[in-house]
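First comes the structure, then the notes that go with it.
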Amino acid sequence: MVENTSDLDGENFDWDTEDELEIGNIPLSCSSLTVPGGVATIGSGEAGPSCSKTIDHFVGMGFSEKMVAKVIQEHGEENTDTILETLLTYSALEESPEEQVQHNEPDNFSSDCDYEGSFLSDFSDIDSSDNEDLANLSSDEENKIRPLLAMGYSKEEAAIALERCGRDCSLAELTDFICAAQMARAADGDYPLEVKPRLNGDYSNHKRRRLLECSKQRRLEKRILTEDDETIRLPNPMIGFGVPTDSFRRVRRDIPEAAIGPPYFYYENVALAPKGVWTTISRFLYDVEPEFVDSKYFCAAARKRGYVHNLPIENRFPLLPLPARTIHEAIPLTKKWWPSWDSRTKLNCLQTCIGSAKLTERIRKALEEYPDSEPPMSIQKYVMDECRKWNLVWVGRNKVAPLEPDEIEMLLGFPRNHTRGGGISRTDRYKSLGNSFQVDTVAYHLSTLKDLYPNGINMLSLFSGIGGAEVALHRLGIPLKNVVSVEISEVNRNIVRSWWEQTSQKGYLEHLDDVQQLNSDRLEEYMRKFGGFDLVVGGSPCNNLAGSNRHHRDGLEGKESSLFYDYFRILDLVKCIMTRNE
DNA sequence: TTTAGAATGAGAGACTCG
DNA sequence: CGAGTCTCTCATTCTAAA
């Protein structure tokens, strides 16, 4: 059914070749990183509409409800920065060794987790042995590490920061990196922050002070940093590490050691997010370079998305049959009515809303004014603007219409009627589909898993939606052994459940409705039962990132989009549990 | 009570032109 | 090189009609 057909070059595809074959380089060095938008800057100045919302927000970051309620009572819910700082202080105090013993059993973490744990560990071990060790470093490295030690960072922290950021990194960037790691760790309440019993009882004050300094410093830096800070540039053409029809695709890349799987992970979101968002996402996801791909190279509709993943990229292969790549091929009936002055060959991004019947009526009436000739340029312009904005296609003489849900399903690579029936309204279908993966694109990226897991995989699927990843793997012929799927929408869960049953899946599907339910206990239980997860997939909400959102395009700290941090939290937990159980 | 329609721009990249 | 223009965007919310 599906076979390796990566060698598709002779095909005459319609996309412009000349200047689209060169692969855009994505500068992603530490020097290009801005201040991480991490937890320290969440919701600055945002006054929650209700107290419980503010509580939820911070509880979502891993603080206990009791603690959050207390802090809000003390400081009010207006200034979330103050709340966060106080919470960090309290949680730092709470992790003092005395209490540590009560709720954190000494755990036997191995290397990968160990250094993460040590980020928040005792800083009093800066002694002469550090200086001895430094003798092994080059003078350049030594010059970088020494000031960090002087600032009170541990040798391990300094070394890791240097390793991750590179030799050319400035001191400010190194401290920034360490802060980011600490904040990330502090935000993760479930995670055992300390992995070894501590003998020194006085470090919590160090930690508290350091966390506060970090928080303040980073807010200051955020204010100082202007537009000249480098951000991740989108490649042009947007083909990531390559698409099936591109004969010059990249087959090699370096993945930071901390990111190497298993577990493999695959994270997705809109490419055109506000500035700095992808820098933050990439930094949290172990500094993996995002792969930006426009699905117009896979199907007849554009879909500009960024994917951060640690999958191999050699010998990728596409799903077969290859989907139609022009509007006319995808929806042949439109060809008959397509006017010569509509030059579109691809649709724009498939969104959650469609053009109204009133709009298409207005267009029809405007065109009927000119029954015997082409409409004047002004009318053409009006019609084309609306057609592009609403993705309208020609379905009759002077008649345009929005795409049918069936057509969107097909364009996105889902089986026909995937979202149909079972009490799902038309509006719900549009909404679910508009929020989904483009299956062919995702499948192309995931295809390298087939050789790695011939017997199937265990998958953790966060923000599953209508199951784009599940469908992609199934169509690739990769058996789904155990799938834990987290999806807030009941409509979507029903769609996936129904697909699961209709495709006679042999595996086991577990549904959760909220990522908050996925704490370390629950996760460990699943992983004990299934023997770990091979793949962690997720496309966290884009509401606050997408350009279409007029009201709350608040960036990664927005109400829904901040759930990205839950993706990171859960992925990091999976990584640590897997490493420990090795 | 439910649902369709309309109103609501900004932000960022690509492109053009002098 | 810089200013101006064009293009596009996994949406939310209010209102009126059904």
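Chain identifiers are assigned alphabetically (A, B, ...) following the order of the sequence lines, protein sequences preceding nucleic acid strands; residue numbering begins at 1 within each chain.
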Please identify each residue that fulfils side-chain hydrogen bond (donor to acceptor under 3.5 Å, both in side chains) with [X], with sequence neighbours left out.
X      : result
A:Q505 : A:H474, A:T503
A:S464 : A:S461, A:S485
A:N458 : A:N482

| Residue met sooner reading DNA chain B from 5', once A:R426 and A:A273 are mapped to nucleotides | A:R426

| said: Identify the stems formed by DNA chain B, where each pair is Watson-Crick or G-U wobble with both distances under 3.5 angstrom and a stem is at least 3 consecutive pairs. | reply: B:1-8 with C:11-18, B:10-18 with C:1-9

| task | Could you encode protein contacts along nucleotides 7-14 of chain C as a string, one character per nucleotide from 5' to 3', using B for base contact, S for sugar-phosphate-only contact and - for no contact, with a heavy-atom cut-off of under 4.0 Å? | result | -SBBBBS-

| request: Looking at every strand, decide which applies to A:R362 at a 4.0 Å heavy-atom threshold: base, sugar-phosphate, or nothing. | output: sugar-phosphate

Which whole-number value in Å describes the distance from [X] [atom1] to [N] [atom2]?
X      : N      : atom1 : atom2 : result
A:R429 : B:dT3  : CZ    : P     : 16 Å
A:K358 : C:dT15 : NZ    : P     : 17 Å
A:E361 : B:dG5  : CD    : P     : 11 Å
A:D554 : B:dA10 : CG    : P     : 15 Å

| Looking only at atom P, what distance separates B:dT8 and C:dT7, rounded to whole Å? | 22 Å

| field | Separation of the P atoms in B:dA6 and C:dC10, to the nearest angstrom | value | 23 Å

| field | Heavy atoms from other residues, nucleotides or ligands near CD of A:E501 exceed 12 (cutoff 6.0 Å) | value | yes

For [X], ring pair (Phe, Tyr, Trp, His ring centres under 6.0 Å) partners two or more places apart:
X      : answer
A:Y267 : A:F564, A:Y567
A:W337 : none
A:Y307 : A:Y266, A:H445

| note | By salt bridge (Lys or Arg N to Asp or Glu O under 4.0 Å), A:D440 pairs with (sequence neighbours left out) none

| Partners meeting salt bridge (Lys or Arg N to Asp or Glu O under 4.0 Å) with A:R426 (sequence neighbours left out) | A:E404

| salt bridge (Lys or Arg N to Asp or Glu O under 4.0 Å) evaluation trace for A:E361 with A:K365 | CA-CA 6 Å; A:E361 188 189 2; A:K365 284 184 173 161; 3.1 Å; yes

| request: Determine which pairs satisfy side chain to side chain donor-acceptor pair (under 3.5 Å) with at least one residue from residues 347-358 of chain A, sequence neighbours left out, and list them in order. | output: A:Q351-A:S548

| Does any residue of residues 418-425 of chain A have a heavy atom under 4.0 Å from DNA chain C, and if so, which ones, in number order? | none

